[in-house]
Amino acid sequence: MTNSLLSMKNVTAFYGGSQALYGLSLQVHQGEVVALMGRNGAGKTTAIKTICRMIRHKEGEILFCGTDLDPLTSHRAARLGIGLVPEGRRCFATLSVEENLVAAARTGHWNLAQVYRLFPQLRDRKGKSARTLSGGEQQMLAIGRALMTNPRLLLLDEATEGLAPLVRKEIWSAVAELRKGRDLTILLVDKSPRELAKVADRCVVLERGRDAWTGTFEELTPEIALRHLGV
């Protein structure tokens, strides 16, 4: 793969006066599934928010489809084809499942029928308000809502955090299904190397706001995992 869909070079970013990214560089190629890993506080969510323009970077360069993201607001970045499944799900609680899905829908492969095929539970609950859903169903809804924007790049930030094992399994099965076509590029944050290894082409490990290691999961030896991830 040589076609870089997302490119971050020497990116620095701050939360107020606190620096969170220290010259982060990473590449995500068209059709790849890349896992972003690291200890708590390593900068994973900050990197995701910076790509989505929820946080402005101070130095460095972020290109998406060759477009410089620096001057763009978050909604303009989304229109370029960046879809976010945020940490904590953040569904519209008072809207129904179907209203959540169509709220930001754009024309393309992903429509209600496709989302309901991926997550049949949502079809069964389509008229129910999002606040009545279980945590796992809300996560499915958050993923479905992002897919309905028909993104070129899907960002999944801790998509299985806090979910029961059976629900986690369903989410990972959905990610594996999304991977099959290679039409969708995915950058995902999670803490489970074993599960990530089943769906990701490679991983980028962050440490203190920097890219500390990158490679395939076959190359992620126990020694490297212990050094950078503490596992």
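Since the structure is predicted, the reported quantities are computational estimates derived from the model, not experimental observations.
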Inset, instruction - Determine, stepwise, if the pair Met148 / Leu112 fulfils side chain to side chain contact (heavy atoms under 4.5 Å, CB included). - result: CA-CA 8 Å; Met148 287 285 286; Leu112 286 172; 4.0 Å; yes
Under a single-linkage definition using a 4.5 Å side-chain heavy-atom cutoff for Ile, Leu, Val, Met, Phe, Trp and Tyr, are [X] and [Y] assigned to the same hydrophobic cluster?
X	Y	answer
Leu188	Leu155	no
Trp110	Val97	yes
Leu21	Val189	yes
Val28	Val199	no
Tyr22	Ile55	no

Inset, instruction - Report the residue from Gln121, Lys128, Arg125 that forms a side chain to side chain donor-acceptor pair (under 3.5 Å) with Glu137. - result: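 For Glu137, the side chain to side chain donor-acceptor pair (under 3.5 Å) check succeeds only for Arg125.
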Side chain of [X], backbone of [Y]: donor and acceptor closer than 3.5 Å?
X	Y	result
Asn100	Phe92	yes
Asp201	Val33	yes
Thr216	Arg202	no
Arg53	His75	no
Thr50	His57	no
Asn150	His109	yes
Thr185	Leu153	no
Lys44	Arg39	yes

Min side-chain heavy-atom separation [X]-[Y] under 4.5 Å:
X	Y	result
Leu118	Glu177	yes
Pro86	Asp157	no
Ile82	Leu6	no
Asp190	Thr160	yes
Arg106	Arg79	yes
Met8	Ser25	no
Arg152	Gln30	yes
Leu187	Glu32	no

If every non-hydrogen atom of [X] is compared with every non-hydrogen atom of [Y], which pair is closest and at what distance?
X	Y	result
Ala142	Cys91	N-SG, 4.2 Å
Ala47	Leu24	CB-CD2, 3.8 Å
Gly136	Val167	CA-CG1, 3.4 Å
Gly23	Thr12	N-CG2, 3.6 Å

If you round to the nearest 0.5 Å, how far is [atom2] of [Y] from [atom1] of [X]?
X	Y	atom1	atom2	result
Leu63	Leu5	CG	CG	11.0 Å
Leu147	Gln114	CG	CD	10.0 Å
Gln138	Leu163	CD	CG	10.0 Å
Leu101	Tyr116	CG	OH	5.5 Å
Gln139	Phe119	CD	CZ	8.0 Å
Leu220	Glu218	CG	CD	9.5 Å

Inset, instruction - Taking only Lys NZ, Arg NE, NH1 and NH2, and the carboxylate oxygens of Asp or Glu, determine whether Glu87 and Lys49 approach each other closer than 4.0 Å. - result: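 Salt bridge absent between Glu87 and Lys49.
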Legend entry - Short N-O contact, Lys191 and Glu158, less than 4.0 angstrom: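 Looking at Lys191 and Glu158, the cut-off is met.
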Inset, instruction - Please lay out, stage by stage, how Leu26 and Asp211 fare under the test side chain to side chain contact (heavy atoms under 4.5 Å, CB included). - result: CA-CA 7 Å; Leu26 68 86; Asp211 46 303; 5.7 Å; no
Inset, instruction - Apply side chain to side chain contact (heavy atoms under 4.5 Å, CB included) to Leu69 and Leu80, showing your working. - result: CA-CA 10 Å; Leu69 295 185; Leu80 284 181; 3.8 Å; yes
Inset, instruction - Would you check, one step at a time, whether the test side chain to side chain contact (heavy atoms under 4.5 Å, CB included) holds for Glu61 with Asn10? - result: CA-CA 7 Å; Glu61 177 184 73; Asn10 302 315; over 6 Å; no
Inset, instruction - Could you walk me through whether Ser7 and Gln27 pass the side chain to side chain donor-acceptor pair (under 3.5 Å) test, one step at a time? - result: CA-CA 5 Å; Ser7 173; Gln27 304 281 325; 2.9 Å; yes
Legend entry - Over 12 foreign heavy atoms within 6.0 Å of CZ, Arg208: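 12 or below, so no.
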